[in-house]
Amino acid sequence: MASSTTSRRAATLPVSFFRRPAEVVARDLVGTLIISTVRGVVTAGRIVETEAYLGHRDPASHAFANRRHARNENLYGPAGTWYVYLSYGMHWCANLVCGTTPNEGAVLLRAVEPLDGLPTMRRRRGGVADRLLASGPGRLTQALGITLSLDGHAMRASSVVVQAGRGEELDVATSLRIGITKAVDWPLRFAVRGSKWVSRTA
DNA sequence: GCGCCGATTGGCT
DNA sequence: GCCAATCGGCGCC
């Protein structure tokens with residue numbers, strides 16, 4: 001069972017939350033809670049940074065122009081599907097599929113503020129400073145124990161769920177996406193302004 | 001088949 | 001700030 005901070009109420013986000021444009025979902029995911037349960041071990045935190053990718057119309061998307069491959073197959077799945085891929089041959093990155101048509105878009109999770117299971121996260125991350133536990137797309141998957149085994153699963157029925165936040169006022173800043181070389185001027189990155197848990201300031 | 005590049009990270013200069 | 005690690009996709013021969 002979940003402990004302390006995140007347990008209150010299990011308001012897992014409905015599929016309808018994801019049946020909207022990726023940039024809208026990306027903005028609204030900031031402030032929500034992500035809870036991972038791996039072999040009974042719970043780690044959780046608050047999503048503080050995301051990026052939207054606009055599917056077949058986005059040159060930076062893995063499925064631009066509807067190029068279809070084994071790796072990106074799940075970008076064509078229904079809203080609320082996990083899309084997990086290997087970045088630079090060594091880091092897992094986690095996305096949630098959005099929209100109402102195949103390959104319409106997805107949201108990359110870029111940073112999480114750790115709330116529960118800190119000892120587990122520290123062990124998985126090799127004892128780095130807490131600020132670096134989940135402040136990056138590759139770091140947060142490692143801290144939460146996310147791997148390719150999550151790829152293609154429906155979020156609501158998977159080992160990693162996203163719940164509604166606490167409804168508090170959040171100052172969400174919009175900025176340019178990070179680490180890409182195509183469509184670099186599209187303002188599709190969303191982050192809690194001033195948060196020390198985001199991947200970097202830009 | 002071969003070489004280059006990437007939605008990254010961490011270690012070193 | 002620079003660069004290696006590591007591997008699937010892609011372009012090109």
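Letters go in sequence order (proteins before strands), and every chain restarts at 1. These numbers come from a predicted model, not from an experiment. Values reported hereafter were calculated over all heavy atoms of this structure, with side chains retained and with hydrogens, waters and symmetry mates removed.
- Comparing dG8(C) with dG10(B), their C1' atoms sit 22 Å apart, to the nearest whole Å.
- Judged purely by atom type and a 3.5 angstrom limit, R68(A) has no side-chain atom pairing as donor or acceptor with the backbone of A63(A).
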For residues 137-151 of chain A, dump all side-chain donor-acceptor pairs below 3.5 Å to protein atoms at least two apart in sequence or in another chain.
| from | atom 1 | to | atom 2 | distance (Å) |
| --- | --- | --- | --- | --- |
| R139(A) | NH1 | S135(A) | O | 3.1 |
| R139(A) | NH1 | S135(A) | OG | 3.3 |
| T141(A) | OG1 | W92(A) | O | 2.7 |
| T141(A) | OG1 | G138(A) | O | 2.9 |
| Q142(A) | OE1 | R125(A) | NH1 | 2.7 |
| Q142(A) | NE2 | R124(A) | O | 3.3 |
| T147(A) | OG1 | S149(A) | N | 3.3 |
| T147(A) | OG1 | S149(A) | OG | 3.1 |
| D151(A) | OD1 | N74(A) | ND2 | 3.3 |
| D151(A) | OD1 | V84(A) | N | 2.8 |
| D151(A) | OD2 | N74(A) | ND2 | 2.9 |

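- Atom P of dT6(C) sits at a distance of 23 Å from the matching atom of dG1(B), rounded to the whole Å.
- Within residues 49-82 of chain A, the residues approached by DNA chain C to less than 4.0 Å at the level of any non-hydrogen atom are R67(A), H69(A), R71(A), in residue-number order.
- A distance-only check finds no donor-acceptor pair linking the side chain of E113(A) to the backbone of V48(A) [under 3.5 Å].
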Taking protein heavy atoms under 4.0 Å as touching, what does nucleotides 8-13 of chain B look like 5' to 3' if B marks base contact, S marks sugar-phosphate-only contact and - marks none?
BSS---
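- With sequence neighbours excluded, no residue satisfies side-chain hydrogen bond (donor to acceptor under 3.5 Å, both in side chains) with R67(A).
- For W82(A) (side chain) and V160(A) (main-chain N/O), a donor-acceptor pair under 3.5 Å exists by modelled atom type.
- Sorted by first then second residue, the salt bridge (charged side-chain N to carboxylate O under 4.0 Å, His left out) pairs that include residues 17-29 of chain A, not counting sequence neighbours, are R20(A)-D28(A).
- For the strand DNA chain B, secondary-structure stems (runs of at least three Watson-Crick or G-U pairs, all distances below 3.5 Å) span B:1-6 with C:7-12, B:8-12 with C:1-5.
- No more than 12 heavy atoms of other residues, nucleotides or ligands lie within 6.0 Å of CZ in R57(A), so this atom counts as exposed by the packing criterion.
- Crowding of E168(A) atom CD: a count of heavy atoms from other residues, nucleotides or ligands under 6.0 Å exceeding 12.
- Between the side chain of N72(A) and the backbone N or O of H62(A), at least one donor-acceptor pair lies under 3.5 Å.
- S199(A) and R110(A) share a donor-acceptor pair across their side chains, judged by distance under 3.5 Å alone.
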